[in-house]
Amino acid sequence: MNLKSIVNRHLVDSLEKLNLTVESFDLSSPKNPKFGDLSTNVALVLAKQVGKNPMEIAKDIEKAILIDNSIISEVNVTPPGFINFKISPSYYQSVVQQIINKDEHFYSGKVGKGKTANVEFVSANPTGPLSVGHGRQAVIGDTVASILQWHGYDVTREYYYNDGGKQMRTLATSVEGRYFQAIGKDIEWSDEFYQGDYIKDIANDILKEFGNKVKAGDKIFRKSAEERIFSNIRSTLENIGIKHDIFSNEKNFIKPANIEKTINALHQKDLTYIEDGATWFKTTSLGKEQDRVLIKSSGEPAYRLPDILYHCDKFERKYDLLIDIFGADHIDSYPDVVSALEALGYNTSSLRVLIHQFVTLTKGGEKVKMSTRKAEFVTLDELTNMVGKDVVRYFFIMRGMNTHLNFNIELAQDQSDNNPVYYLQYAHARICNIIRHGEQQGITFNKDFDSSLLIKDAEIGLLKQLNQFPNIMATALESLEPRTIANYLQSLATSFHKFYTECHVITEDNELSLSRLALVLATKNILSKGLDILGISSPERM
RNA sequence: GCCCCGGUAGCUCAGCUGGAUAGAGCAACAGCCUUCUAAGCUGUGGGCCACAGGUUCGAAUCCUGUCCGGGGUACCA
């Protein structure tokens, strides 16, 4: 049971004694330590209801609270009517035992037990290497999935791609053009083609593998391009520790019968009409500015339709929770997809759409426009090679997903020495070093340590941070914002480094050494667990 | 035009489901290694939380408006 709910219970009990009822109030740790460890505004909230001075109410509640010395050591009231609780050190000291004894509370959540979740992310079509922009989505998606797993969800990481459209045809034509150039034919090269050198590489590979007799329009151009690019994408993702469980292709569910069924269903709700040969989705009747095309006059589905069908498919797979990670370019279209799904009778409350803002790249103070077709981008692989997986991952989640991430390329290269990720990893490496040092001195961990010896400020401070971990995970689940964890690990590392400077672990005092060793081990567990969720390694040495 | 995001220390940003004296890193300056890794720690300086109203006992946080910056906005996906 966590600290907050214990104190909360005491508080609610005393409110009952006083015949006071209140809908909601806040109980949280105040910024200023002089107000104790936990603080509540109940009295302030009640003041209006009861029509009394908040200070008086607070005093009444204070008197009514039963003090349980093993947990609450002191209660006091401060103006304008806050009730503050001081938690006794013995509670915090017990945290070490809980962590060392693998108390579940610190290692997993219950919310998702027995439930399934699907996280869809990246979902870039195989037209070129993944860019830095895709990288942000990849890391956010993977980390969100890990957060769900911590809470017990059975998570499927899914990658959706759609290779039926114009982009893929252009890709094939581009490869074909490069192929014929390579065998010396004079080909008219269009600006519309994909410009990157990887197109030439693919063409050269086709030349090597199939010789110079391949005819124009052969399926091999497109097939090779898709295969090679996809395997490249997979290895790019693998380089930053990401593996999808399912790659779903639109071909599996975009079948004429499916399309017809869906269009008919929407038509029955009077949500479609035909104009200029195209089938339109009447989004204006759902409050949007303009209607959107579902099927182009050419008969080809426009992108909203495959998205709708794909989501129907996911809903049919009966996940308890569906999460889509999209870039800001989807901000206009996803509400249409959701509306369509609702119109089709799906309960969209299990769907959460996370929109992240784009990464703006600057190079030499100039903005770099990112276009796959023009090959103007820094690839995710290039970035990973420059700064390493851990830094890439940390960089992408240390800022909130809905802020624009300004990525300065020079800085990223430069940063390798004073990057915040090293601060976290360094804390872990230091702990490992303490453990090694202890072993050399013949001091190793023993279950019979006495945690009541941990009384210095730096020790209690570290214990308080450790105690926060489950709360942080709960917050992360609610917000699905990986940054929450990154910020927490920063402050955990700060508490540890402070402890490290102020308290020697391996000392002549055997008892004390054992207690501190236990504290340090508990810190190691939580730190590496947190880093693990972020997909960042916990080095033993640095 | 419409939509989304942002405006907090010199720089990069935390804090934003309202709480008491607004935080961290970098940069500047001053200290700390004869005992577990100085990629660390301690201290100093630095702020009208863009602006103006509103709600509230209480606003960086919520609401409205204004200004500035970034991005999105096809019968491309």
Side-chain angles (χ1 to χ4, degrees), chain A residues 24 26 28 30-32 34-35 39-41 44-45 47-48 53-54 78-82 84 123-125 127 161-168 170 250 275-280 288-290 292-304 306-307 327-333 335 355-358 360 367 373 398-404 406 408 411 415-423 425-427 429-438 440-441 443 475 478-479 483 486-487 490-491 493-494 496-508 513 516-517 520 541-542:
Chain A
S24 73
D26 186 58
S28 57
K31 278 181 217 152
N32 190 330
K34 94 174 185 204
F35 296 121
S39 189
T40 179
N41 64 349
L44 292 159
V45 176
K48 201 176 218 174
N53 183 324
T78 49
F82 290 102
N84 308 314
S123 296
N125 284 340
T127 57
Y161 67 105
N162 164 345
D163 57 1
K166 187 179 158 194
Q167 287 182 352
M168 293 305 292
T170 307
E250 62 167 12
E275 195 177 292
D276 300 332
T279 305
W280 294 73
K288 295 283 270 187
E289 286 284 309
Q290 49 186 265
R292 302 290 180 172
V293 168
L294 287 174
I295 300 177
K296 301 182 210 170
S297 50
S298 64
E300 223 177 359
Y303 70 94
R304 259 163 250 250
D307 266 14
D329 50 345
H330 280 70
I331 205 118
D332 256 7
S333 67
I355 299 279
H356 68 91
Q357 296 296 313
F358 286 124
T360 316
K367 230 163 277 152
R373 194 171 53 72
M398 69 188 284
R399 304 279 175 253
M401 70 177 90
N402 59 9
T403 70
H404 294 275
N406 186 5
N408 182 322
L411 200 82
Q415 225 173 7
S416 53
D417 256 19
N418 53 5
N419 194 291
V421 69
Y422 292 116
Y423 184 78
Q425 295 183 317
Y426 187 50
R430 274 182 145 179
I431 292 173
C432 293
N433 198 56
I434 293 171
I435 295 167
R436 281 192 297 268
H437 181 75
Q440 282 161 18
Q441 306 295 313
I443 298 172
T475 309
E478 212 171 294
S479 62
R483 176 190 43 184
N487 287 347
Q490 281 294 326
S491 33
T494 299
F496 169 76
H497 286 307
K498 200 169 196 157
F499 161 82
Y500 182 90
T501 326
E502 290 178 23
C503 305
H504 241 74
V505 175
I506 307 300
T507 62
E508 329 250 275
S513 299
R516 287 184 174 166
L517 195 56
V520 146
R541 288 173 207 274
M542 280 174 78

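A note on names: the letters A, B, ... follow the listed sequences, proteins ahead of strands, and every chain is numbered from 1.
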Considering only side-chain heavy atoms of [X], which listed nucleotide, [options], is closest?
X: A:Tyr426; options: B:C57, B:C36, B:A38; answer: B:A38
X: A:Ser39; options: B:A20, B:C4, B:A39; answer: B:A20
X: A:Arg399; options: B:C75, B:U12, B:G6; answer: B:U12
X: A:Thr501; options: B:C4, B:C41, B:C36; answer: B:C41
X: A:Phe358; options: B:C57, B:U42, B:G72; answer: B:G72
X: A:Pro80; options: B:A77, B:G19, B:U21; answer: B:G19

Can you tell me if the side-chain N/O atoms of [X] get under 4.0 Å from OP1 or OP2 in [N]?
X: A:Arg292; N: B:U73; result: no
X: A:Lys34; N: B:U21; result: no
X: A:Tyr422; N: B:A39; result: no
X: A:Arg430; N: B:A38; result: yes

Roughly how many Å is it from [atom1] in [X] to [atom2] in [N], rounded to a whole number?
X: A:Arg516; N: B:C36; atom1: CZ; atom2: P; value: 15 Å
X: A:Phe499; N: B:G40; atom1: CZ; atom2: P; value: 18 Å
X: A:Tyr500; N: B:A39; atom1: OH; atom2: C1'; value: 12 Å
X: A:Met398; N: B:C13; atom1: CE; atom2: C1'; value: 8 Å
X: A:Glu502; N: B:C32; atom1: CD; atom2: P; value: 17 Å
X: A:Phe35; N: B:A22; atom1: CZ; atom2: P; value: 12 Å
X: A:Asn402; N: B:A14; atom1: CG; atom2: P; value: 9 Å
X: A:Lys31; N: B:A24; atom1: NZ; atom2: C1'; value: 14 Å

Find the partner of [N]: check Watson-Crick (N1-N3 plus N6-O4 or O6-N4) and G-U wobble (N1-O2, O6-N3) distances, both under 3.5 Å, and reply none if neither fits.
N: B:C32; value: B:G40
N: B:G45; value: none
N: B:C2; value: B:G72

Give me the distance, rounded to whole Å, that separates [N] from [M] when you measure between the [atom1] atoms they each carry.
N: B:C33; M: B:G25; atom1: C1'; value: 23 Å
N: B:U64; M: B:C26; atom1: P; value: 39 Å
N: B:A60; M: B:U8; atom1: C1'; value: 7 Å
N: B:U34; M: B:A39; atom1: P; value: 15 Å
N: B:A59; M: B:A20; atom1: P; value: 10 Å
N: B:C16; M: B:U61; atom1: P; value: 13 Å
N: B:G46; M: B:A28; atom1: C1'; value: 10 Å
N: B:U35; M: B:C48; atom1: P; value: 45 Å

Classify the nucleic acid contact of [X] as base, sugar-phosphate or nothing, counting any heavy atom under 4.0 Å across all strands shown.
X: A:Asn84; value: base
X: A:Arg541; value: base
X: A:Thr494; value: nothing
X: A:Asp329; value: base
X: A:Asp276; value: base
X: A:Cys432; value: nothing
X: A:Gly81; value: nothing
X: A:Ile331; value: sugar-phosphate
X: A:Ala427; value: nothing
X: A:Gln441; value: nothing
X: A:Tyr423; value: sugar-phosphate

Original post:
5'-most contact on RNA chain B: A:Val293 or A:Thr40, nearest heavy atom basis?
Top reply: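 Closest to the 5' end, via its nearest nucleotide, is A:Thr40.
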**OP:** Identify, between A:Met542 and A:Arg483, the residue whose nearest nucleotide on RNA chain B lies closer to the 5' end.
**Re:**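 Result of the comparison: A:Arg483.
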Original post:
Should we say atom NZ of A:Lys296 is surrounded by more than 12 heavy atoms from elsewhere, each under 6.0 Å from it?
Top reply: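 Atom NZ in A:Lys296 is packed in, count exceeds 12.
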Is a side-chain donor-acceptor pair under 3.5 Å present for [Y] with [X]?
X: A:Thr127; Y: A:Asn125; result: no
X: A:Arg430; Y: A:His497; result: yes
X: A:Thr78; Y: A:Asn84; result: yes

Measure distances between side-chain N and O atoms of [X] and base N and O atoms of [N], and say whether any donor-acceptor pair falls under 3.5 Å.
X: A:Ser297; N: B:C75; result: yes
X: A:Tyr303; N: B:A77; result: yes
X: A:Ser333; N: B:A77; result: no
X: A:Asn32; N: B:A22; result: no
X: A:Asn41; N: B:G19; result: yes

Subject >> Ring centroids of A:Phe82 and B:A20 base under 5.5 Å with planes under 30° >> reply: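 A:Phe82 vs B:A20: stacking yes.
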Original post:
Does A:His497 lie flat on the base of B:C41, that is, centres under 5.5 Å apart and planes under 30° off?
Top reply: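 By the stated criterion, A:His497 and B:C41 do not stack.
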Original post:
Heavy-atom distance under 4.5 Å between the side chains of A:Val505 and A:Phe499, does that happen here?
Top reply: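 The answer is yes, as the side chains (C-beta and beyond) meet within the 4.5 Å cut-off.
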Subject >> Residue pair A:Pro301 / A:Pro306, side-chain heavy-atom distance below 4.5 Å >> reply: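 Counting from C-beta outward, A:Pro301 and A:Pro306 do come under 4.5 Å.
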Can you check whether [Y]'s main-chain N or O pairs, donor with acceptor, with [X]'s side chain at less than 3.5 Å?
X: A:Thr403; Y: A:Gly400; answer: yes
X: A:Ser39; Y: A:Ser28; answer: no
X: A:Trp280; Y: A:Leu294; answer: no

**OP:** Tell me, with the steps shown, if A:Asp26 and A:Thr40 meet side-chain hydrogen bond (donor to acceptor under 3.5 Å, both in side chains).
**Re:** CA-CA 5 Å; A:Asp26 186 58; A:Thr40 179; over 6 Å; no
